[in-house]
Undergrad: 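One structure follows; several queries about it will come next.
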Amino acid sequence: MINIKEINDILDFIEKNDNYIVTSHENPDGDNIGSSLAMFRFLEKLGKRVSYVLDDEYPNNLMFLYEKEIKKKSYQVNDRNQVIIALDAGDYTRLNIDIDILEKSRGIICVDHHVTNGEYGFLKFIDSDMSSTSEMVYEIISEYENRHEVKLIDEKIATALYTGLITDTGNFQYSNTCPSSFLMASNLIERGADKITIIENIYQNNSLNFYKLLGETLENLEVIDDKISIATVTKEMIDRNSLKYDDIDPITPYTRDIEGVELGIFIKEKQMGEIKVSFRSKRYVDCTKLAKEFGGGGHVRASGCTIKDVDTKIARMMILEKAEKYI
Ligand SMILES: [Mn+2]
């Protein structure tokens with residue numbers, strides 16, 4: 001059940017106070033950007049001073065949500081003393097914003113659905129049963145609409161939230177998809193969510209080079225004991241195919257979606273000595289536990305971690321050694 005008190009406390013605060021920064025985690029995904037844009041527009045509609053700050057760039061497949069006049073970077077924020085609204089970030093050290101802005105803020109409001117959330121912030125709405133942070137922002141805005149008998153969700157907010165919902169649920173495939181997710185989707189479509197543009201950009205718009213990299217990655221994919229599959233992308237592979245690190249995310253599910261495989265592991269070399277690993281499971285492997293062994297976190301069926309100062313081959317050995325215990 002949704003903790004309505006947490007939502008009400010956040011709304012009470014928002015209604016009484018002004019000057020916000022909306023932000024999220026590094027390497028933005030659809031839920032990160034969707035929930036942030038929706039929260040930004042919601043606060044703007046309430047007449048609040050608000051900036052959306054994220055230092056990383058959007059990945060290509062989410063550029064349809066990009067608006068130059070909305071997304072700022074830390075260096076463009078001159079003043080301090082804002083209230084930070086942190087969305088979809090389980091750990092405040094992962095917030096993609098200058099530390100000085102955080103330190104000189106009036107505090108953090110945390111809205112997040114990661115199981116591994118560190119429970120930071122002076123106000124929080126944290127619920128690991130929610131499909132996405134976008135669904136949580138939807139609940140916040142809907143509660144405000146009920147309170148004041150107004151309609152605030154327009155086409156842009158609906159499109160942002162719908163993007164977050166489908167990217168985090170794998171277009172309603174994953175176990176985090178709840179009855180409430182379908183109700184939300186239905187309502188967002190009624191409010192003008194641009195479903196065709198979203199689907200086209202996220203699922204039907206990969207570059208040819210992406211497919212070349214995908215082919216190369218599947219060439220090195222290995223299935224171990226019929227249950228674990230593991231594939232690697234090196235920085236050299238990304239560079240050679242003229243792609244960005246953020247473009248390779250859609251490869252991740254291929255590691256899981258093989259007949260008989262329970263756990264998919266995707267090893268990505270972001271830069272030399274910095275290896276990112278994604279874990280995806282179908283039914284029983286708790287990916288949060290596996291990620292935690294390497295200081296990472298996330299969700300039961302989808303998590304990730306970073307391993308520093310090793311190459312992809314060493315990382316692969318380290319990961320497999322731990323992963324086999326979970327099968
Ligand atoms: Mn999320």
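Since this is a predicted model, take the numbers as computed values, not measurements.
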Undergrad: Give a yes-or-no answer on whether the side chains of His148 and Glu143 include a donor-acceptor pair shorter than 3.5 Å.
TA: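 The answer is no; no qualifying pair exists.
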Undergrad: If only atom types and distance count, is the side chain of Thr306 paired as donor or acceptor with the main-chain N or O of Lys276 below 3.5 Å?
TA: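 No, because the side chain of Thr306 does not come within donor-acceptor range (under 3.5 Å) of the backbone of Lys276.
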Undergrad: Determine, for Glu262 against Lys282, whether the closest basic-nitrogen to carboxylate-oxygen distance falls under 4.0 angstrom.
TA: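 No, Glu262 and Lys282 are not salt-bridged.
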Undergrad: Under 3.5 Å, is there a donor on one side chain and an acceptor on the other for Gln82 and Ser51?
TA: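 Looking only at side-chain atoms, Ser51 and Gln82 do not form any donor-acceptor pair under 3.5 Å.
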Undergrad: Taking side-chain hydrogen bond (donor to acceptor under 3.5 Å, both in side chains) as the definition, give me every residue that meets it alongside Ser35, ordered by chain and number, with sequence neighbours left out.
TA: none
Undergrad: Hey, are Asp249 and Lys244 close enough for a salt bridge, meaning a charged N less than 4.0 Å from a carboxylate O?
TA: no
Undergrad: Parallel, tilted or perpendicular: which describes the rings of His299 and His114, with under 30° parallel and over 60° perpendicular?
TA: parallel
Undergrad: Is a donor from one side chain sitting under 3.5 angstrom from an acceptor on the other, for Lys268 and Ser278?
TA: yes
Undergrad: Between Asn187 and Tyr138, is any side-chain donor less than 3.5 angstrom from a side-chain acceptor?
TA: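 Yes, a side-chain donor-acceptor pair sits under 3.5 Å.
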Undergrad: Any salt bridge linking Glu145 with Arg191? Criterion: basic side-chain nitrogen under 4.0 Å from a carboxylate oxygen.
TA: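 Looking at Arg191 together with Glu145, the answer is yes, because their closest N to O distance falls below 4.0 Å.
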Undergrad: Looking only at side-chain N and O atoms, does Asn32 offer a donor or acceptor that is under 3.5 Å from a partner on Ser24?
TA: yes
Undergrad: Parallel, tilted or perpendicular: which one describes the rings of Phe13 and Phe122, with boundaries at 30° and 60°?
TA: perpendicular
Undergrad: Residues two or more places apart in sequence or in another chain: which of them pass side-chain hydrogen bond (donor to acceptor under 3.5 Å, both in side chains) with Asn220?
TA: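 Asn220 satisfies side-chain hydrogen bond (donor to acceptor under 3.5 Å, both in side chains) with no residue once adjacent residues are dropped.
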Undergrad: Less than 3.5 Å apart, which donor and acceptor atoms pair up between the side chains of residues 312-326 and the rest of the protein, not counting sequence neighbours?
TA:
residue: Arg316; atom: NH2; partner: Glu222; partner atom: OE2; Å: 2.6
residue: Lys325; atom: NZ; partner: Glu293; partner atom: OE2; Å: 3.2
residue: Tyr326; atom: OH; partner: Glu293; partner atom: OE2; Å: 2.5

Undergrad: I'd like to know if Lys235 pairs up with Glu274 as an ion pair, taking the criterion as any Lys NZ or Arg NE/NH1/NH2 lying under 4.0 Å from an Asp or Glu carboxylate oxygen.
TA: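 Glu274 and Lys235: not salt-bridged.
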Undergrad: I'd like to know if Asp154 and Lys45 make a salt bridge, using a cut-off of under 4.0 Å between side-chain N and carboxylate O.
TA: yes
Undergrad: Can you find a side-chain donor-acceptor pair between Asp112 and Asn117 that sits under 3.5 Å?
TA: yes
Undergrad: Judged by modelled atom types alone, do Asp88 and Thr133 share a side-chain donor-acceptor pair under 3.5 Å?
TA: yes
Undergrad: Establish, yes or no, whether the cationic atom of Lys48 lies under 6.0 Å from the six-membered ring centre of Tyr20 and within 45° of the ring axis.
TA: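 No - Lys48 does not lie over the ring of Tyr20 by the 6.0 Å and 45° rule.
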Undergrad: Just checking, is any N or O donor in the side chain of Asn176 or Ser131 under 3.5 Å from an acceptor N or O on the other one?
TA: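 Side chains of Asn176 and Ser131: no pair found under 3.5 Å.
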